[in-house]
**Student:** 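Below is one structure. I have some questions about it.
First the proteins, then the strands, lettered A, B, ... as listed; each starts at 1.
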2 protein chains.
Amino acid sequence: MAPVATDQLSVVFAALADPTRRAILARLAEGPATVNEIAEPFAMTLPAVSKHLKVLERAGLISRGRQAQWRPCTLEAEPLRAASEWMNHYRVFWDRRFDRLDAHLEKLARSSGTGTGSAGPARAGGSGV
Amino acid sequence: MAPVATDQLSVVFAALADPTRRAILARLAEGPATVNEIAEPFAMTLPAVSKHLKVLERAGLISRGRQAQWRPCTLEAEPLRAASEWMNHYRVFWDRRFDRLDAHLEKLARSSGTGTGSAGPARAGGSGV
DNA sequence: CAGCTAATTAACCATTTGGTAAAACATCGA
DNA sequence: TCGATGTTTTACCAAATGGTTAATTAGCTG
């Protein structure tokens, strides 16, 4: 049973988890393009690209228009906002410029009692995260 | 043939594309925890959680220690930095506060000639992105 | 209409994924 | 040493993914 995760964030992250699809987004950041234009740099068949586009579309990351027999694709970056916001919750753990780190950890320590379990002391001691 | 994408960014995004794994990261943001502690909120067996932890570990998002028979897991947010930086390339497309949008698009227009293909004019006209 | 180009759909295949149950491994404590 | 506790490994399964080729749909143009 691998029923695909259907929540928005999962669908977006899954769409980003492929270099071909990220390259497609990079291409579309320069402006709309047709399927053939999008497919041109890749060593794969058109149907394969078409599938990637469908994944991106389901994630809301592209939209598709109609002009004669062309279906121009356009970047729709809005879903990246939620993904980026999710990541921001963790920025404190990697970005040293966030000196709110100590305050953040203190707040956690205050609100969660003596500890988080039997696994030992949390990282509250220093900034070596 | 679905040879899993092996580049770092793909592995990280794939790891994030599952609500269980994101919940595990959220838990670890409060401090290290043992496998049983991590598994407690979820309606799945321990081996399933163990697999999720392995995915997170391969992505570099957690590390695991040893204390007697416990294997405490610790959040390692560093890989999120690259993911976040990747997203920042697109921030201009969704964040209205980025009024650099126009400058950005002008730069693109200047460097790529008359257009990006037969699919029509790019979004260069306005801020309705 | 016939024929061309653009793109999708259909059928198929191998691999990966997310889950299970059961067995094995690892370590502490009596 | 024996048992209890914590975690991983080993099959195994169903569904999803990423790709292929061949056929089909959609729309322009001679």
Side-chain angles (χ1 to χ4, degrees), chain A residues 1-7 10-24 27-28 32-59 61-74 116-120, chain B residues 1-7 10-24 27-28 32-59 62-74 117-120:
Chain A
M1 301 159 188
V4 74
T6 47
D7 66 280
S10 294
V11 171
V12 170
F13 278 133
L16 299 181
D18 183 291
T20 300
R21 287 193 293 262
R22 291 197 306 276
I24 290 174
R27 167 62 185 81
L28 293 180
T34 68
V35 176
N36 269 300
E37 287 169 342
I38 290 166
E40 192 266 323
F42 300 109
M44 66 181 73
T45 59
L46 260 184
V49 173
S50 209
K51 282 189 183 184
H52 282 302
L53 292 175
K54 200 174 293 183
V55 172
L56 291 169
E57 192 176 25
R58 275 193 49 218
L61 289 165
I62 66 170
S63 63
R64 304 161 107 160
R66 287 215 157 197
Q67 295 185 28
Q69 65 265 60
W70 295 276
R71 314 290 192 280
C73 298
T74 306
T116 51
S118 59
Chain B
M1 300 162 186
V4 74
T6 48
D7 66 280
S10 295
V11 171
V12 170
F13 278 133
L16 298 181
D18 183 291
T20 300
R21 287 193 291 262
R22 290 197 306 277
I24 290 174
R27 167 64 185 79
L28 293 180
T34 68
V35 177
N36 268 301
E37 288 168 342
I38 289 167
E40 191 265 324
F42 301 110
M44 66 181 72
T45 59
L46 262 184
V49 172
S50 208
K51 282 191 183 182
H52 282 303
L53 292 175
K54 199 175 295 185
V55 172
L56 291 169
E57 192 177 24
R58 276 194 49 217
I62 66 171
S63 62
R64 303 160 109 162
R66 288 213 156 198
Q67 296 185 28
Q69 65 264 61
W70 294 276
R71 313 284 194 284
C73 299
T74 306
S118 60

**Student:** Counting only side-chain heavy atoms from C-beta out, which of dT8(C), dG19(D), dG18(C) sits nearest to Val55(B)?
**Tutor:** dG18(C)
**Student:** Rounded to the nearest 0.5 Å, how far apart are CD1 of Ile38(A) and SG of Cys73(A)?
**Tutor:** 4.0 Å
**Student:** Below the 4.0 Å mark, does dA7(C) have OP1 or OP2 next to a side-chain nitrogen or oxygen of Ser50(A)?
**Tutor:** no
**Student:** Could you tell me whether Ala68(B) contacts a base, only the sugar-phosphate backbone, or nothing, with contacts defined as non-hydrogen atoms closer than 4.0 Å?
**Tutor:** sugar-phosphate
**Student:** Using atom NZ of Lys54(B) as one end and atom P of dT10(D) as the other, report the distance to the nearest whole Å.
**Tutor:** 8 Å
**Student:** Using whole Å, what does the distance between atom P of nucleotide dT27(C) and atom CG of Asn36(B) come to?
**Tutor:** 16 Å
**Student:** Give a yes or no on whether the backbone of Ala15(B) and the side-chain of Arg21(B) come within a donor-acceptor separation of less than 3.5 Å.
**Tutor:** yes
**Student:** Evaluate Leu53(B) against Ile24(B) for side-chain contact (heavy atoms from CB on, under 4.5 Å), listing each step before the verdict.
**Tutor:** CA-CA 8 Å; Leu53(B) 292 175; Ile24(B) 290 174; 4.0 Å; yes
**Student:** Quick check on DNA chain D: between Gln69(A) and Ala14(A), whose nearest nucleotide comes earlier from the 5' end?
**Tutor:**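 The residue closer to the strand's 5' end, by nearest nucleotide, is Ala14(A).
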**Student:** Taking for each residue the nucleotide of DNA chain D bearing the nearest heavy atom, is the 5' side occupied by Arg71(A) or by Ala48(A)?
**Tutor:**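 Here Ala48(A) is the residue nearer the 5' end.
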**Student:** Taking only N and O in the side chain of His52(A), is any of them less than 4.0 Å away from OP1 or OP2 of dG19(D)?
**Tutor:**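 So the side chain of His52(A) is within the cut-off, an N or O lying under 4.0 Å from OP1 or OP2 of dG19(D).
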**Student:** Using whole Å, what does the distance between atom P of nucleotide dT5(D) and atom CD of Gln67(B) come to?
**Tutor:**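 So the CD-P distance, Gln67(B) to dT5(D), works out to 19 Å.
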**Student:** Rounded to the nearest Å, what distance is computed from the CD atom of residue Glu57(A) to the P atom of nucleotide dA7(C)?
**Tutor:** 14 Å
**Student:** How long is the line joining CZ of Phe42(B) and P of dT20(C), in whole Å?
**Tutor:** 13 Å
**Student:** Indicate whether OP1 or OP2 belonging to dA26(C) is found under 4.0 Å from a side-chain N or O atom of Arg66(B).
**Tutor:**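 No, outside the criterion.
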**Student:** As a test of reading the structure: which of dT21(D), dG19(C), dT9(C) is closest to the side chain of Lys51(B), going by heavy atoms?
**Tutor:** dG19(C)
**Student:** Under 4.0 Å: is that the gap between some side-chain N or O of Arg21(B) and OP1 or OP2 of dG18(C)?
**Tutor:** yes
**Student:** In whole angstroms, how far is the P atom of dT7(D) from the CD1 atom of Ile62(B)?
**Tutor:**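 Nearest whole value for this atom pair: 12 Å.
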**Student:** Roughly how many Å is it from CD1 in Ile24(A) to C1' in dG18(D), rounded to a whole number?
**Tutor:** 12 Å
**Student:** Among dG18(D), dT20(C), dT9(C), which nucleotide sits nearest the side chain of Met44(B)?
**Tutor:**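 Ranking dG18(D), dT20(C), dT9(C) by closest atom to the Met44(B) side chain puts dT20(C) first.
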**Student:** Nearest 0.5 Å please: distance from the OG1 atom of Thr20(A) over to the NZ atom of Lys51(A).
**Tutor:** 13.5 Å
**Student:** If I take atom CD from residue Glu57(A) and atom OG from residue Ser50(A), how far apart are they, to the nearest 0.5 angstrom?
**Tutor:** 9.5 Å
**Student:** Considering only dT8(C), dG6(D), dG18(C), which nucleotide approaches the side chain of Trp70(B) most closely?
**Tutor:**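 Of the options given, the side chain of Trp70(B) lies nearest dG6(D).
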**Student:** Between atom CG in Leu53(B) and atom C1' in dT8(D), what is the gap in whole Å?
**Tutor:**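 In whole Å, dT8(D) C1' lies 11 Å from Leu53(B) CG.
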